[in-house]
Amino acid sequence: MLLDHVAGNSLFNLLINLIFLTVILAIPNSYNSMLAFWSCALGITCVAVSINATALIKSK
């Protein structure tokens, strides 16, 4: 169970970091592009957390 937890967190962090680095390097620095990026990042995070919470609730 501990291994699943560690692997899940590391994969989640890797995904977020890859998205963050790709977008930061690809988007020029403007207010609209950064707003779009942070909105997408927040949306992805909310979806990932809700999937994780649903899986946790169903496993109990």
Side-chain angles (χ1 to χ4, degrees):
M1 183 169 171
L2 181 62
L3 184 61
D4 290 338
H5 174 73
V6 172
N9 283 337
S10 64
L11 289 175
F12 177 73
N13 287 330
L14 179 66
L15 175 70
I16 295 298
N17 287 328
L18 285 175
I19 292 169
F20 178 76
L21 289 175
T22 302
V23 172
I24 287 297
L25 294 175
I27 293 179
N29 291 331
S30 71
Y31 292 116
N32 290 336
S33 62
M34 292 308 288
L35 179 64
F37 166 71
W38 285 115
S39 298
C40 289
L42 180 64
I44 290 169
T45 303
C46 289
V47 168
V49 167
S50 65
I51 290 171
N52 198 8
T54 303
L56 183 64
I57 290 170
K58 286 184 178 181
S59 69
K60 288 185 176 182

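Note that the coordinates shown come from a computational prediction; the quantities given were computed from them, not determined experimentally.
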Check: Do other residues, nucleotides or ligands put more than 12 heavy atoms under 6.0 Å from Asn17 CG?
Finding: yes
Next item on the list: Determine, using the 4.5 Å side-chain heavy-atom cutoff (strictly less than), whether Ile44 and Val49 are members of one ILVMFWY cluster.
Entry: no
Checklist line | Joint cluster assignment, Leu14 & Leu21, ILVMFWY side-chain distance < 4.5 Å | finding: no
Check: Nearest heavy-atom pair of Ser39 and Leu35: which atoms, and what distance?
Finding: OG-O, 2.8 Å
Next item on the list: Rounded to the nearest 0.5 Å, what's the gap from CD1 on Ile57 to CG on Asn52? Could you check?
Entry: 10.0 Å
